[in-house]
Amino acid sequence: MTWSHSQINRLGDRIRDAGLGDGDRGKLLEYRATFVPAYERVVADISKALPDLKVTGRPEKTPDSIVAKLRRTKIELARMQDIAGCRLNVERIRQQDDVVGRLIEVFPEARVIDRRARPSFGYRAVHVIPTINDRQVEIQVRTLLQALWANQSERLADVVGTDLKYGVVVPGDMRYERAAGLLARSSAMIATLEESEMGDGLFDDLFSELPDRLNALVGAFVTIMTFAMEAS
Amino acid sequence: MKLFLLRYDRRRGELISIAEFGGSDFPAANKELLRAETANPELEVVLLQAESEEQLRKTHGRYFGEFRELADIGRTAV
């Protein structure tokens, strides 16, 4: 089946309003599957152009995540850019810039969203988004520290509530406030550190220790959150 | 590249299962994804692709984190 943008957006509107009924769930899965060829092409092109990097991917966003994003952002379904996506981790900012440059050479028409310049609720990364046969594929390029922060953010959101990732404030809920504060501070700390890269070796000791410290800090916080939730 | 089907309990921060498919076996993996999504509405079911599980742990660490272990250690300590 060939999908027109208006057909896709009507499906998105119905799902946003009424959720996933049996009929629309099937249609959404059918539409989602149309991203797989574009995803496979992008992964193949990255693997060929950047053979030293190990690309990983998620060919199909979960239906619940699609519904949640439709409701949260009001975006049209046909414009949703992350139904299929892949990731590249690099060590530091300099390599991140190099890899983004290479990706732009491979996908000259791609959009680039630099979340380092404009973090999304603390989330920092660079997204390169090529369109293949009218299907967008989101390539997330992250440094090790950015990846670590993103993973910990998702873990915290699993415990405290998914809205945490999107800056939703629940008045009076100290868990949200503490978790949001922890994420904001750690994101700012990582940004300062990464933007201060001034020469090979200068921050090597700090870089080598920070992931472990951040992991331990957020891990302990998640543990406390778990106890608090189970006790309530 | 291989395909991995993960079933993840968000609430508990626990990876319930991980199944591996050959990289070229997209139809089989996708069929199982659809089945698992329907059968486990309370879980997050996700299909990921990587050269190895080790690579997945680097880029999708959330699913493999020590969160559960930390929580267990905390319970033992109380």
Side-chain angles (χ1 to χ4, degrees), chain A residues 20 22 25-26 28-30 32-33 36-37 39-40 43-44 47 53-65 84-89 140-142 144 147-159 161-162 211 215-216 218-227 229-231, chain B residues 1-15 21 23-27 29-38 40-78:
Chain A
L20 286 170
D22 285 344
R25 180 183 178 82
L28 179 62
L29 296 177
E30 188 182 327
R32 187 181 68 167
V36 172
Y39 163 84
E40 289 183 306
V43 168
S47 300
L53 293 180
K54 306 296 184 189
V55 61
T56 65
R58 189 219 53 207
E60 300 175 289
K61 193 178 184 76
T62 65
D64 287 345
S65 295
C86 52
R87 283 182 187 165
L88 289 165
N89 277 10
Q140 300 175 345
V141 185
R142 298 171 171 176
L144 292 179
L148 180 69
W149 186 94
N151 282 327
Q152 297 292 14
S153 163
E154 295 212 329
R155 282 186 206 163
L156 268 180
D158 286 343
V159 174
T162 309
N215 253 333
V218 178
F221 189 80
V222 169
T223 305
I224 294 167
M225 287 291 125
T226 307
F227 288 138
M229 291 184 71
E230 291 183 351
Chain B
M1 296 279 276
K2 299 171 184 170
L3 289 161
F4 297 88
L5 186 69
L6 284 70
R7 294 189 308 137
Y8 177 73
D9 187 331
R10 299 184 78 152
R11 168 85 181 177
R12 298 175 63 83
E14 187 174 7
L15 182 63
F21 297 82
S24 60
D25 205 1
F26 212 101
N30 199 48
K31 187 176 177 182
E32 184 58 22
L33 169 68
L34 298 179
R35 193 200 66 74
E37 282 178 339
T38 305
N40 305 275
E42 77 286 5
L43 298 178
E44 180 174 332
V45 181
V46 61
L47 185 64
L48 300 174
Q49 189 176 33
E51 196 170 83
S52 65
E53 186 179 317
E54 183 187 353
Q55 288 301 325
L56 273 190
R57 287 177 181 271
K58 291 178 182 174
T59 57
H60 293 76
R62 166 190 170 215
Y63 298 113
F64 302 94
E66 70 281 16
F67 163 65
R68 193 69 234 161
E69 290 80 353
L70 277 169
D72 289 342
I73 291 168
R75 279 192 198 88
T76 307
V78 172

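When reading the values below, keep in mind they use all heavy atoms of this one structure, side chains included, and skip hydrogens, waters and symmetry mates. Since the structure is predicted, the reported quantities are computational estimates derived from the model, not experimental observations. Each chain gets a letter, A, B and so on, in the order its sequence line appears, and its residues count up from 1.
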Item checked: Heavy-atom proximity to chain B below 4.5 Å, by part of A:E40 -> side chain
Check: NZ/A:K54 to CD/B:E51 distance, rounded to the nearest 0.5 angstrom?
Finding: 3.5 Å
Checklist line | Point-to-point distance, once rounded to the nearest 0.5 Å, from NZ of B:K2 to OG1 of A:T56 | finding: 14.5 Å
Margin query: Please determine whether the number of non-hydrogen atoms from other residues, nucleotides or ligands lying under 6.0 Å from atom CD of B:E54 exceeds 12.
Written below: no
Note to self: Ignoring hydrogens, what is the shortest heavy-atom contact between B:E37 and A:P63? Give both atom names and the distance.
What the structure shows: OE2-CD, 3.3 Å
Next item on the list: Against chain A, work out which of B:V45, B:N30, B:V46, B:L56 has the most heavy-atom pairs shorter than 4.5 Å and name it.
Entry: B:N30
Checklist line | Nearest atoms (heavy-atom pairs only) where A:R32 meets B:L33 | finding: NH2-CD2, 3.5 Å
Check: In Å, rounded to the nearest 0.5 Å, how long is the span from CG of A:D64 to CG of B:L43?
Finding: 11.0 Å
Margin query: Between A:R58 and B:E44, does any NZ, NE, NH1 or NH2 come within less than 4.0 Å of an OD or OE carboxylate oxygen?
Written below: no
Checklist line | Nearest-0.5 Å distance, CD of residue B:Q49 to CD of residue A:E60 | finding: 11.0 Å
Check: Distance from A:N151 atom CG to B:T59 atom OG1, nearest 0.5 Å?
Finding: 8.0 Å
Check: Atom CG of B:L48 and atom CZ of A:R87: how far apart are they, to the nearest 0.5 Å?
Finding: 8.5 Å
Notebook entry, point to check: Side chain, backbone, both or neither: which part of B:F4 has a heavy atom under 4.5 Å from chain A?
Noted result: neither
Margin query: Give me the atom names and distance for the closest heavy-atom approach of B:R62 to A:R155.
Written below: CA-NE, 3.8 Å
Note to self: Side chains of A:R25 and B:T38, heavy atoms from C-beta outward: is any pair under 4.5 Å?
What the structure shows: yes
